[in-house]
Amino acid sequence: MTRSTPIVSTAALATALLWSAPALAQDAPPAPAAPTAETYADAEITVTGSRIQRDGFRAPTPLTVLNSEDIESSAPANIADYVNDIPSLVGSVTPASSNLNISAGTAGVNALNLRALGTARTLVLLDGQRSVGSTMTGLVDVNTFPQGLIKSVEIVTGGASAAYGSDAVSGVVNFILDKDYTGIKGSAEYGITTYGDAPSYRATLTAGTAFAGGRGHLLLNGEIAIKDGLHSVPREWNQQGWYMINNPAYAEGNGAPERLVVSGAGLSLATPGGIITDTALRGTVFGPGGAVGQFDYGTVRNPWMIGGDWESTQVNSFQSLDPAENRKSLFGRLSFEVSDGLNLFVQASYAKSKNLGNLGIQLNQANVTIQSDNAFLPQSVRDELALRGIDEFKLGTTNANLPVRKNDTRRELQRYVVGANGEFDLFGSSARWDVYYQKGISRTREMARDISNNARLALAQDAVFAPAGNALGVPEGTIVCRSSLTSPDNGCVPFNRIGIGTASQEGLDYVIGNPFRRQKFQQDVFAANLSFDAFELPAGPVSVAIGGEHRREKVSGEVDEEFQTGWFVGNFLPSFGSYNVSEAYLELAVPVFEGFDLNGAIRGTDYSTSGYVTTWKAGLTWEPIPDIRFRATRSRDIRAPNLGELFTAGSTRINVLIDPTQNDASVQFAGTTRGNPLLDPEKADQWGVGVVLQPRFIPGLAFSADYYDIKINGAIGTVAAQTIVDRCAEGVQAFCSAVVRGPNDFGNNLQVFESPFNFAVQRATGIDFEGSYRLPVGSGDLTLRAMATRYIKNYFDNGIDAPTDTVGQNAPGGTPKWLYRIQANWATDDFNFNLTGRGISSGVYDNSFVECTSGCPASTVTNRTINDNHIAGAFYLDTSLTFDVAMAGKELEFYLAVNNLLNKDPAIVAPGPAGSAYATPATNQSLYDLLGRTYRVGIRFKL
């Protein structure tokens with residue numbers, strides 16, 4: 001990827017603006033007395049998690065607030081990275097963790113995941129308003145928000161569907177903009193790792209000005225962010241051959257563990273230049289230039305082996321540890337106060353991104369048929385085959401002659417909002433109202449680059465020497481495709497799969513293509529809200545909020561016919577569909593007596609696809625003394641199926657699973673995902689209880705603890721392809737209809753269909769802790785803030801498999817028992833020092849595994865035995881320094897940020913035993929830091 005705007009030019013522009021801009025300066029807002037959610041709830045009229053707008057109202061739903069000072073003091077690479085450090089978020093979609101998702105279309109997206117219940121169950125808002133998704137599943141990419149304008153981020157960790165509508169099952173993350181900003185500010189930064197790789201660049205510029213005597217306000221923001229990427233895994237922790245494999249010594253009843261976590265392991269059925277995997281020539285391996293050698297197998301249990309020539313088969317460094325990114329965005333907002341009670345506004349935003357990441361090699365495990373008269377075989381091998389009377393053999397290869405597969409995704413998002421808000425007198429008090437219409441359009445082009453065409457590759461690899469007088473009219477002995485001898489016009493170009501560096505460019509051009517699809521997602525939202533105090537009770541006013549919303553979601557797609565089938569990956573089909581939803585809500589806040597408030601809400605929602613559903617919330621807060629407050633909530637929440645779950649026409653990937661019908665052999669399969677238009681909304685019942693302590697005898701101290709319990713009925717989910725095949729082999733006929741055996745269009749003999757259904761129950765429980773303390777130290781203020789989440793339970797019960805609690809599983813898809821974040825910040829008027837510790841508790845691969853090394857009990861599908869079920873935790877230190885410097889009468893703020901200060905390697909998480917394990921780095925990419933120590937230096941200015 002190329003940098004379309006050099007960072008030097010951006011910095012020069014920012015500096016020029018700094019010295020030449022008119023005096024539009026505004027003073028920075030003073031820091032709050034204590035950086036807790038309670039402080040912000042008291043200071044702000046609008047409280048996320050409730051539609052009630054009343055001074056001093058405290059919603060019973062737990063709230064975490066991150067303000068601009070918090071964010072700037074940590075100097076994160078982007079706002080999504082900072083929010084994802086909050087312990088109540090885990091398993092979010094990031095560019096690094098979603099790089100392999102070709103068919104899902106999520107590459108390059110930053111989407112948030114509260115409670116580890118899935119990104120689709122977290123509602124992400126911008127100023128309390130929905131935003132169009134960047135993927136077919138409706139994921140909102142936080143990168144599309146104007147990061148230079150974000151005033152605060154408010155995280156509601158609890159059910160909020162009654163207040164905000166569908167998708168708020170695990171909570172709401174609301175990004176709040178500084179809509180009244182006046183002045184000019186900007187920033188420019190550069191980042192790089194301690195290894196000198198993965199450089200990044202970012203610059204923002206924001207301007208705001210009032211006009212018409214202060215009644216009008218214009219706001220503009222622009223951002224450019226570039227990452228060169230790291231298109232390999234050049235780290236020592238990934239070079240040790242760590243995998244989870246099927247134990248070569250295991251036999252049923254012999255007491256050995258069925259699975260091993262080992263280092264020094266590698267593939268036994270494929271090498272970069274190819275290996276003969278059957279016949280008397282088994283183990284013949286082809287190297288650079290087609291050189292012939294003999295492979296040292298070590299100890300084998302297909303497709304793995306321990307020892308021997310394991311290092312020569314390693315291919316898990318061909319993935320992008322940090323995908324490349326080129327992102328630009330523009331935002332504008334114009335507002336005008338027509339009268340004291342009427343304010344009109346219009347805003348528009350545009351975001352464009354390009355993302356490129358290596359996916360890894362194409363793997364063919366002993367399934368390439370090579371005829372013995374193949375023209376590319378070394379003469380010595382052809383002679384040996386002829387001597388032994390062998391007509392053909394199977395070749396296993398990791399295809400060094402094919403380019404590394406890539407994920408090339410481009411997105412373009414437009415969002416327009418027009419609306420009005422204001423106040424008027426009602427029932428003797430001020431009523432607040434707002435109404436808006438939003439139009440969102442997201443266009444994507446999702447390309448799988450450098451992908452082999454199955455049919456062309458099969459023809460091209462079957463190359464022979466042309467006989468005399470051939471139909472092609474080429475000289476005798478010319479290497480041609482066998483098929484061209486009988487079909488001279490088929491255009492086939494021979495391709496050499498034998499050896500390394502032996503293929504011609506013409507052969508590559510014939511077998512390689514770039515399948516892609518174009519998709520368009522549209523979202524239209526009409527919404528109106530009104531909040532007022534209806535009447536007074538002895539303890540205070542009864543507050544009311546009412547409103548309604550109508551939303552329409554639509555997807556349309558375009559795929560060239562040649563890219564719809566027949567490729568190793570991709571095989572996109574165009575998707576079409578739409579649905580609309582109409583809803584209305586009522587919320588009340590009732591002060592029963594001094595210190596005791598009730599809060600309730602009800603919402604009626606009507607979906608065009610599945611009909612009517614009701615959601616509700618009931619909550620209370622009780623403050624027996626000013627030092628302590630109790631809160632509790634009970635709610636019914638929903639999540640409607642998204643466009644992808646409803647209308648995905650089909651996408652197919654090639655992967656590997658262990659087939660129990662073939663003696664647990666590792667086989668390739670085609671996994672096809674389709675939507676299900678008959679899905680119903682999920683329904684979640686949840687409750688929470690918490691306590692907030694702000695002892696008067698320790699000024700500046702605040703602490704909260706909140707327990708949550710979420711149960712989702714009719715959860716939308718799919719069963720993994722491996723599970724489908726396992727259960728079919730066990731005789732469960734419900735799964736066998738999804739398994740199709742025999743030759744298919746994807747070059748293998750097994751196709752598994754995966755579609756979503758409302759068949760599961762998901763349950764999650766845990767406790768959130770948050771505390772802060774501020775005190776003067778020397779010439780500045782020291783602020784301490786700690787957040788932690790103890791995940792207690794998180795399981796998915798599909799009614800077929802025994803549910804396994806994923807809490808404590810540090811492997812992909814699991815949730816650590818503890819996530820915590822401790823921050824210390826010391827600040828003066830012109831200096832800020834920040835130190836943050838981030839922690840992940842240790843865990844296991846799978847809670848259902850039985851760890852043993854000998855004398856093991858019987859290993860079953862639901863409780864497999866393993867030699868080592870431990871995954872280490874991690875603790876990371878981050879630090880940043882910011883200091884002000886006056887230059888030529890202007891004030892600049894310089895900053896240096898260091899993430900992973902101690903350069904701690906990620907914990908080893910051995911992938912396997914099937915799937916994409918061979919190409920996956922040996923860690924959990926969604927949980928641990930990947931790049932090592934990273935530095936960022938930057939400059940900010942404000943006029």
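A quick note: this is a predicted structure, and the numbers were derived from the prediction, not measured.
With a 4.5 Å cut-off on side-chain heavy atoms, Thr806 and Asn847 do not count as touching. Side-chain contact between Asn374 and Val464: absent, with no pair of heavy atoms (C-beta onward) separated by less than 4.5 Å.
Using cut-offs of 30° and 60° for the angle between ring planes, the Phe563 and Trp567 rings count as tilted.
The CD atom of Glu851 sits 15.0 Å away from atom CZ of Arg259, with the distance rounded to the nearest 0.5 Å.
For Arg482, the salt bridge (charged side-chain N to carboxylate O under 4.0 Å, His left out) partners are Asp373, Asp462, not counting sequence neighbours. Partners of Glu258 by side-chain hydrogen bond (donor to acceptor under 3.5 Å, both in side chains), not counting sequence neighbours, listed by chain and number: Ser859, Arg864. Taking Gln294 as the reference, nothing meets the side-chain hydrogen bond (donor to acceptor under 3.5 Å, both in side chains) condition, with sequence neighbours excluded. For the salt bridge (charged side-chain N to carboxylate O under 4.0 Å, His left out) test, no residue two or more places apart in sequence or in another chain qualifies with Arg456. Scanning for side-chain hydrogen bond (donor to acceptor under 3.5 Å, both in side chains) contacts around Asn247 gives an empty result, with sequence neighbours left out.
In this structure a side-chain-to-backbone donor-acceptor pair under 3.5 Å is missing from Asp322 to Gly229. A donor-acceptor pair under 3.5 Å is absent between the side-chain atoms of Asn810 and the main chain of Val844, judged by distance alone. Thr313 contributes a side-chain N or O that, together with a main-chain N or O of Trp310, makes up a donor-acceptor pair within less than 3.5 Å.
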Please test Leu260 against Ile306 for side chain to side chain contact (heavy atoms under 4.5 Å, CB included), starting from the C-alpha separation and ending with a verdict. CA-CA 10 Å; Leu260 299 179; Ile306 305 171; 4.1 Å; yes
Using the rule given for side-chain hydrogen bond (donor to acceptor under 3.5 Å, both in side chains), can you reason through Gln662 versus Asp664, listing the C-alpha separation, both sets of side-chain angles and the distance that settles it, and then say yes or no? CA-CA 5 Å; Gln662 300 185 49; Asp664 285 338; over 6 Å; no
In sequence, state the C-alpha distance, the side-chain angles, and the governing distance for Arg445 and Met447, and then conclude on side chain to side chain contact (heavy atoms under 4.5 Å, CB included). CA-CA 6 Å; Arg445 191 221 63 187; Met447 175 181 286; 3.8 Å; yes
Kindly indicate, with the supporting measurements, whether the criterion side chain to side chain contact (heavy atoms under 4.5 Å, CB included) is fulfilled by Tyr297 and Arg282. CA-CA 10 Å; Tyr297 277 101; Arg282 176 180 178 270; 3.5 Å; yes
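For the disulfide bond (SG atoms under 2.5 Å apart) condition, the pairs that include at least one residue of residues 465-514, sequence neighbours left out, are Cys481-Cys492.
Between Arg235 and Asp197 there is a salt bridge, with a side-chain nitrogen of the basic residue lying less than 4.0 Å from a carboxylate oxygen of the acidic one. Note on Asp659 versus Arg741: salt bridge recorded, some NZ/NE/NH1/NH2 to OD/OE distance being below 4.0 Å. Using a cutoff of 4.0 Å between basic side-chain nitrogens and carboxylate oxygens, Asp450 and Lys406 are scored as salt-bridged.
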